[in-house]
2 protein chains.
Amino acid sequence: MRIEATTIKDIAHALGLSKSTVSRALRDSYEISDMTKQLVLGYAKTINYTPNPIAVSLKARKSKSIGVVVPEIADSFFSQVINGIESVANEKGYTVMITQSLETEEGEINNISFLALRSVDGCLASVSEETNDFSHFCDLHKKGLPIVFFDRIVECVQSHAVTVENVQAAYEGTAHLLKNNYRKIAFIANAPNLYITTKRFEGYLKALREYGVPYDENMINYCPHGGRYYEEVESVLKSLLSKQHRPDAIFLSTDKLTTSFLRCCKNLGLKIPEDFALVGFSNLDITDLMQPSLTVLRQPAFEMGRRAAMLLIKAIETKRTDIDCENECLPAQLIIGDSSKARCLAS
Amino acid sequence: MRIEATTIKDIAHALGLSKSTVSRALRDSYEISDMTKQLVLGYAKTINYTPNPIAVSLKARKSKSIGVVVPEIADSFFSQVINGIESVANEKGYTVMITQSLETEEGEINNISFLALRSVDGCLASVSEETNDFSHFCDLHKKGLPIVFFDRIVECVQSHAVTVENVQAAYEGTAHLLKNNYRKIAFIANAPNLYITTKRFEGYLKALREYGVPYDENMINYCPHGGRYYEEVESVLKSLLSKQHRPDAIFLSTDKLTTSFLRCCKNLGLKIPEDFALVGFSNLDITDLMQPSLTVLRQPAFEMGRRAAMLLIKAIETKRTDIDCENECLPAQLIIGDSSKARCLAS
DNA sequence: CTGAAAGCGCTAACAC
DNA sequence: GTGTTAGCGCTTTCAG
């Protein structure tokens, strides 16, 4: 700010002390007499002194702040995670800098180097779907920057991670459809390279296997842009409709896909669950108000943010980035709505 | 970062020049020979030099960054605004620091002083509903920090502002209900002290007046917590139900109120629009998928963010914070759904 | 055209 | 206990 704040120099000057004495008194150093401390602290309070964080950062090469890289802020899941992160960061006196990659690798590279340059003490990241080369994370991590990945983690970087029980969640969602007598279940996910995609696919397969339903690769669909473009989802839907063995149910791997797909169905005049039963991941808090109410897998987003931030701060404060990476894995919740209503077999 | 980056000193050393020459060469100063510039620039590129923004900030007392204070990130409207802000900030080479007040005055004070201390060059803000004393904004603004308010602006601070045409929007929403033969229209808003509340109320009144419908103050309800607590909305709904002249339609002043109210209705077994017709502000992008599809007033959130950021950057770069405050006012859009379907008068 | 030196606000040896 | 000094990385007078 061009705004002139009070500095240590001001205090030193006013009290006839040296800058270092003031500095030490402010940080309650053992070498300063109680009297002087009282004096300095008292005066500092009256003139409303706050240390200049920029100067501190420059000196200390750290900033008591953590950086966050998410694909997109305007997303129910990520914004809830951010709230979780902020809640522990605030408790622990850390500042949070939020950046979004907008799902591009370039954005992600810019973000992480921006943050590193800004002396964040550590980073929380969920990778963009476009990213295949993770060296921007690797390099910084190797140089000692603590990084905790969440949700969309990168397995090749040996670091802490917080995820949801993806396999189990997808398994439960798919099994729920199977129990409700759906048999031809299509799987729609975003970019196939994402950790969450492969894990959720695994859970889907597991359920099929367990229920003795043969795997049909025609049922597997990817939207590399995660359903951000309407056309992308629409073309998947149309291709499903044109298949000889048209699916009777759909498993959707992410938030945006779930709602985009529902919109497509509506536009094409399809009925849910009559034409397709739907189960999808979603962290929107209004899936119960939709038409029909959606059966969703909800991630404990806020808690994930909290855990990730706690892991990160622990890593920062113990400086042991190298070894014993912790992986926390939280359960998702299956919330049953009308979009997956049991099918009557009588027909 | 503990991460050691290359500095001007490294370049100077490697090239046998002085730090100042390198610094000047990098900023393309006229006093440096072309040859030296080539040399420095070339070398800087090979070692991948980036100026340390912290050092620059300390020196320059500005940071090529702008701060954002919103009540809450996990909100469709605000997250869209943030995207708009980022889009112009990135274009213009500014970094965005996002903070949330979580609707508390204390959080807001912390945020804005945090940002000022971090040498942001200017701020974008939408005030918390709890805030009544705006001196934290006033003080910084007087000291020369450019501030642009958006959506929830504060009129007593003489500064730039971007809003939606609140009066007109609320008027259109209410008029739409009146046209559809609803006559007893309740108004539900959040904190009555907010700019958006008073303006939207004004529009509501205007419509009533124009359609010759008498104003009934029993129809006016405030949720000081903006519908973040379910009980708050439920108690409003129950009080409406208990009234002698029960309303036949509801105008909802914000996003969260709109969806919370719908949820309450559902829980109490009420039918929309039969029991109540609904029109509300909302920037959720799935109001068309709800049951029933909602008639909403949608704000051009992304564009508001863009405009606000452009105003701010202009203010920063021209340093004229004092005079000629610009107020931009964008139209909202009425999107008609089933929640306000015309009532048959036959009954 | 280039260099030396001071200083942004703060901390931390190293004196006394 | 307290002061002096140097330095984090950078810009910017002021000298040459």
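Proteins come first, then strands; the chains are lettered A, B, ... in the order of their sequence lines, and each starts at number 1.
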What do the steps show when you test A/Thr36 against A/Ser33 for side-chain hydrogen bond (donor to acceptor under 3.5 Å, both in side chains), and what is the final call?
CA-CA 5 Å; A/Thr36 312; A/Ser33 74; 2.7 Å; yes

Gap between atoms CD1 and P, on A/Ile11 and C/dG9 respectively (whole Å)
13 Å

Contacts table for residues 50-58 of chain A: side-chain donor-acceptor under 3.5 angstrom, sequence neighbours left out:
from    : atom 1 : to      : atom 2 : distance (Å)
A/Asn52 : OD1    : A/Ile54 : N      : 2.7
A/Asn52 : OD1    : A/Ala55 : N      : 3.2
A/Ser57 : OG     : A/Pro53 : O      : 2.8

Between CZ of A/Arg61 and P of D/dG7 the distance, given in whole Å, is 14 Å

In whole angstroms, how far is the P atom of D/dC10 from the CD1 atom of B/Ile8?
5 Å

For C/dC8, take OP1 and OP2 only and decide whether either is under 4.0 Å from a side-chain N or O of A/Lys59.
no

Whole angstrom is fine here: how far is it from CD1 in B/Ile32 over to P in D/dT12?
13 Å

Answer yes or no: is there an ion pair linking B/Arg228 with B/Glu72, defined by an N-O contact shorter than 4.0 Å?
no

Using a cut-off of 4.0 Å on non-hydrogen atoms, how would the nucleic acid contact of B/Thr36 be classed: base, sugar-phosphate, or nothing?
sugar-phosphate

Please tell me if B/Thr7 has a side-chain N or O lying less than 4.0 Å from either OP1 or OP2 of D/dG9.
no

Whole Å only: how far is the CD atom of A/Glu31 from the C1' atom of D/dT4?
14 Å

In this structure, how many angstroms lie between the P atom of C/dC8 and the CD1 atom of B/Ile54, rounded?
19 Å

Closest to the 5' end of DNA chain C, once A/Thr50 and B/Leu17 are matched to their nearest nucleotides, is B/Leu17

Among residues 19-27 of chain B, which contact DNA chain D at a heavy-atom distance under 4.0 Å?
B/Lys19, B/Ser20, B/Ser23, B/Arg24, B/Arg27

Less than 4.0 Å between a side-chain N and a carboxylate O, is that true for B/Glu317 and B/Lys92?
no

Are B/Ser23 and B/Ser20 linked by a side-chain donor-acceptor pair shorter than 3.5 Å?
no

To the nearest angstrom, how far is B/Leu117 atom CG from C/dC10 atom C1'?
13 Å

Any ring-ring contact (aromatic ring centres under 6.0 Å, His included) involving residues 97-139 of chain B? Give me the pairs, sequence neighbours left out, ordered by first then second residue.
B/Phe137-B/Phe149

Below 4.0 angstrom from OP1 or OP2 of D/dC10, is there any side-chain N or O of B/Tyr49?
yes

I need the NZ-P distance between A/Lys62 and C/dT11, as an integer number of Å.
11 Å

Side chains of B/Gln100 and A/Asn83: donor-acceptor distance under 3.5 Å anywhere?
yes

Give a yes/no on whether any side-chain N or O of A/Ser33 is located under 4.0 angstrom from OP1 or OP2 of D/dT2.
yes

